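Note sheet for the following structure.
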Amino acid sequence: MSTPTVTAVIPLGRKRILVAFATGEAKLFNVSPYMKGSWYGKLAGEEYFRRVQPSGRTVVWPDGQDIAPHELYESGIALICTQNSGHIKN
């Protein structure tokens, strides 16, 4: 199964991101385990971390750091939205 397109991403505290998918699903993803080495370590900076953007089936930061689409989708914690809570907008 291919992963759905990311429609929006919101950076949250504690190095987590809220990701909205074209399927209507929203997932909470912890980026902390990926912040190793000099390149991915840039994500530890709060200002840089907040510059995350959706990019096709994943999310990306300005210097090209990204998360594998299957990791983002399969390891994210599904959130349940009730009633007409609206859409996540970036």
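Every value quoted in this text rests on a predicted model; they were computed, and no experiment measured them.
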Heavy-atom pair of closest approach, residues [X] and [Y]:
X: Thr23; Y: Pro4; answer: CG2-CB, 3.6 Å
X: Pro69; Y: Thr58; answer: CG-CB, 4.1 Å
X: Ala8; Y: Pro54; answer: CA-CG, 4.1 Å

Verify same cluster id: Tyr48, Val60 (apolar side-chain graph, 4.5 Å): no
Check: Trp61 side chain, Asp66 main-chain N or O, donor-acceptor pair, under 3.5 Å: no
Donor-acceptor contact below 3.5 Å, side chain Thr5 vs main chain Gly56: no
Test log, rule side chain to side chain contact (heavy atoms under 4.5 Å, CB included), inputs Leu43 and Val31: CA-CA 8 Å; Leu43 301 179; Val31 181; 3.8 Å; yes
Arg50 atom CZ, neighbour heavy-atom count above 12 within 6.0 Å: yes
Side-chain H-bond candidate by donor/acceptor type, Gln65 with Tyr34, under 3.5 Å: no
Steps toward side-chain hydrogen bond (donor to acceptor under 3.5 Å, both in side chains) verdict (Tyr73, Glu25): CA-CA 10 Å; Tyr73 188 73; Glu25 297 169 279; 2.6 Å; yes
Check: Thr7 and Phe21 side chains under 4.5 Å, non-hydrogen atoms: no
Contact check, side chains of Ser75 and Lys27, non-hydrogen atoms, under 4.5 Å: no
Could you tabulate the donor-acceptor pairs under 3.5 Å formed by side-chain atoms of residues 11-19, not counting sequence neighbours?
from	atom 1	to	atom 2	distance (Å)
Lys15	NZ	Ala44	O	3.1
Lys15	NZ	Glu46	OE1	3.0
Arg16	NH1	Arg14	O	2.6

Sequence-distant partners of Lys42, side chain to side chain donor-acceptor pair (under 3.5 Å), two or more places apart: Asp63
